[in-house]
Amino acid sequence: MGNSKEGVLNAMAADQSATGWQSDPERSPDLQYSGLPVRWRRRIVLALNLATIAGLGYVVYRLLSPDGIDGAEAVMLIGFMLATPWTVLGFWNAVIGIVLQHGPGDPSKSIYPFYPQGQGSQPIALSSRTALTIFLRNEDPRPVFARIEAMQKSLQATGLQRHFRFFVLSDTSEPDIIQLEEAGFDLVAAHVVADGGNRPVYRRRADNAGYKAGNIQDFLKEHGSRYDFFLPLDSDSVMSGDVMIRLVAAMEARPELGILQTLVVGVPAESGFARMFQFGMRHGMRSFTLGSAWWSADCGPYWGHNALIRAAAFEAHCNLPVLPGSPPLGGHVLSHDQLEATYMRRGGYEVRVLPIETQSFEANPPTLLEFAKRDLRWCQGNMQYWRFLFEPGLKPLSRFQLFQAVLMYVAPPAWIVATFAAAWKGVTGGFDATYIELGFWSFITIFLLSVTPKIAGVVDVLLTPGAIRSYGGPLRFGLSAVIELLASMIMAPIVAVYVSVFLIGLLFGRSVTWSGQNRDRLGVTLGTAIKAMGLQTLIGVVLATIITGLIGGYAIFWALPVVAGLCLAIPFTVFTASQRFGYWTTRLGLFAIPEEGCLPRVLTRLVPHEARLWRRPSARVEGKFPKPARDGQA
């Protein structure tokens, strides 16, 4: 740390005094983390990653270099080396996580001893005030207000609701939606007050300067001095009252904590695509996040929502600069969250992630096109991070986190470029069948590394007593895991192409817009899918033609993982977005998650019956289920 421990604690005290809250020294004893010291954890992870990347690179080099490496082969090697580090890091995070989960140690003592669990650990009193901030932008607010009511009921059950207040912070610009927001807010505010809660606050900005990060800063300038903490929630976020008060108690007791991020779980969904996506995330994220938290420790991630933040510290240290130049790479930073985490750490505060499920939820995109839209917004924001790699005062690990955020979106185009380099070798007559096999095994290697967290998640479920039952039983869980892995293999080249095209567009000024999101409408028309995925299909057909024409039909087998995903892009997009697919996955219990079998109370009024058909069949007319609506209908 750049400052002495005494100086950091003095700075913390100054920040805390701005809110009128002082930590009680008797409640803040030195916290003991068991296991290896953090510096040794980081050295081990660094050594494992460097050794793995070097070993894989050497194998590829030896396969390419019997007669020396020419230009195209050098591109293939460089592409592989750029595509590998992000996936290797995920691999080791998952491996470390599964060892921690089922090894001899106790992760709760080595990673998150600041968060007591078990009987008698629920706080009975709080001494602080927390703002629950919900952000809106041009989307239907009615589901949002339903979530606010559910969270209010959950807070009421804790008996500590007086310590919390909801703030609805709108950047909406469409007049019809503004009217819905204002009318809906008045109704939900009346309900909250009737339940004994503090009256919520609604504020709409006429100018959404700075996007969500700017909205937060405006809120802090206006209201931050009256609150010790704030908890940012996206419009699809839900958290139980019990989790909120536990997070607040942890922050009260630990004045060194600046951001405490929860592990977010998907809300049971009707969309087949969302169900498939969040099924893989549900069992795979825990081992990955646990392994990551083991070595990142006080330099943990922040995902922009469902995290408790110390208000005065955030306002003092996390105001992001406006980058020189114009968008897409200049102007306001789109992906603000990870950058704010590095700034908070620079300010002397810890950023920690809680790597366990705690009834902290979000909804996932209902279609591949909505998933891609969100992904590209993150991509553009992450590409702005390169300007901050040499920002003064950042911790070395913080710089690495920014670098890996950039590398995460460099990897897909690097892999695509390597694939085209191999095809170029074929077109120019210097092709060797080894390239096809190399491409196949390269794809399989990178893919297996990238899905290791999901494989570790399957292992975790198998090793945890009763876990398979919570996922619907062995047959449902096994079939769902296989289908989800196959779908991930199909999606990998699709994602690689649209990210590559978008990055090229960034160089020519292409930019995403911060607009409302589709969070629940199902269905993608064939025309829309063709427009969005036509390039992927064209590339797949061209690659298949080149491979079969130059080498023979047998070679297509080696290229199948890449070619199949690209050629199936259009039907995959349409099928996974269809209401019929969603209906039958819920009816059969495919991609079931534990929350469907034992629905948390905070979700009981939010999750529709249609998202739990396999668990709770209800009487229908003549005992039949209705025919799903035609695809494309809301």
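Looking at S292 and V353, their side chains never come closer than 4.5 Å, going by heavy atoms from C-beta outward. The shortest distance between side-chain heavy atoms of P453 and M285 does not fall below 4.5 Å. Looking only at side-chain heavy atoms (C-beta outward), L36 and I44 come within less than 4.5 Å of each other. When side chains are defined from C-beta on, Y471 counts as touching P594, because their heavy atoms get closer than 4.5 Å. Counting heavy atoms from C-beta on, the side chains of S488 and F447 come closer than 4.5 Å. Residues L56 and L449 are in side-chain contact: their nearest non-hydrogen atoms beyond the backbone lie under 4.5 Å apart. Here the side chains of M276 and T585 are not in contact, with every heavy-atom distance at 4.5 Å or above. Using a 4.5 Å cut-off on side-chain heavy atoms (C-beta onward), T130 and D228 make no contact.
The main-chain N or O of S235 is found under 3.5 Å from a side-chain atom of R147 such that the two form a donor-acceptor pair. When atom types are taken as modelled, the side chain of E252 and the backbone of S128 share a donor-acceptor pair closer than 3.5 angstrom. Side-chain atoms of R286 do not come within 3.5 Å of backbone N or O of L263 as any donor-acceptor pair. Between the side chain of Q401 and the backbone N or O of Q338 there is no donor-acceptor pair closer than 3.5 Å. Of the possible polar contacts, one joining the S500 side chain to the A496 backbone as a donor-acceptor pair under 3.5 Å is found. At distances below 3.5 Å, at least one donor-acceptor pair connects side-chain atoms of Q261 with backbone N or O atoms of H305. Using a distance-only test at 3.5 Å, with no hydrogens or angles considered, a donor-acceptor pair links the side chain of S154 to the main chain of G241. Within the 3.5 Å criterion, the main-chain N or O of L389 finds a donor-acceptor partner in the side chain of R399. A side-chain donor-acceptor contact under 3.5 Å links K212 to the backbone of G304. Between the R42 side chain and the S296 main chain, a donor and an acceptor come within less than 3.5 Å of each other.
Heavy atoms only, all atoms of each residue included: A611 and V607 are closest at CB-CG1, 3.8 Å. Heavy atoms only, all atoms of each residue included: P123 and I245 are closest at CG-O, 3.6 Å. Residues A250 and L257 share a closest heavy-atom pair of O-CD1, 4.1 Å. The nearest pair of heavy atoms linking P366 to F273 is O-CB, 3.4 Å. Among all heavy-atom pairs drawn from S287 and A94, the shortest one is CB-O, 4.0 Å. Pairing each heavy atom of S121 with each of P116, the nearest pair is OG-O, 3.8 Å.
To the nearest 0.5 Å, atom CG of residue L463 and atom CD1 of residue I468 are 9.5 Å apart. Atom CZ of R310 is separated from atom CZ of F230 by 12.0 Å, given to the nearest 0.5 angstrom. Note that CG of L231 is 9.0 Å distant from OG of S237, once rounded to the nearest 0.5 Å. Annotation: the span from E256 atom CD to E350 atom CD amounts to 5.0 Å, rounded to 0.5 Å. The structure places CZ of R346 at 10.5 Å from NZ of K395, a figure rounded to the nearest 0.5 Å. Atom OH of residue Y112 and atom CZ of residue R352 lie 13.5 Å apart, to the nearest 0.5 angstrom.
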Side chain to side chain contact (heavy atoms under 4.5 Å, CB included) between V406 and L402, intermediate numbers included: CA-CA 6 Å; V406 173; L402 295 180; 5.9 Å; no
Check step by step if side chain to side chain contact (heavy atoms under 4.5 Å, CB included) holds for Y343 and L394. CA-CA 7 Å; Y343 276 31; L394 295 186; 4.2 Å; yes
Could you check L290 against Q101 for side chain to side chain contact (heavy atoms under 4.5 Å, CB included), going step by step and ending with a plain yes or no? CA-CA 8 Å; L290 197 66; Q101 285 172 299; 3.3 Å; yes
Worked verdict on L397 versus W295 for side chain to side chain contact (heavy atoms under 4.5 Å, CB included): CA-CA 10 Å; L397 185 56; W295 61 269; 3.5 Å; yes
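Sparse packing is recorded around CZ of F403, with 12 or fewer heavy atoms of other residues, nucleotides or ligands lying under 6.0 Å away. Environment of CZ in R43: crowded, with over 12 heavy atoms of neighbouring residues, nucleotides or ligands closer than 6.0 Å.
Side-chain contact of H283 with D460: a donor-acceptor pair under 3.5 Å is absent, judged by distance alone. R275 and S480 form no side-chain donor-acceptor contact under 3.5 Å, judged by distance and modelled atom types alone. Side-chain contact of N306 with T262: a donor-acceptor pair under 3.5 Å is absent, judged by distance alone.
Between F502 and Y409, the ring centre distance reaches or exceeds 6.0 Å.
Taking the six-membered ring where the residue is Trp, H317 and Y349 present tilted rings, their angle falling between 30° and 60°.
R282 forms no cation-pi arrangement with F279, by the criterion of a distance under 6.0 Å to the ring centre and an angle within 45° of the ring axis.
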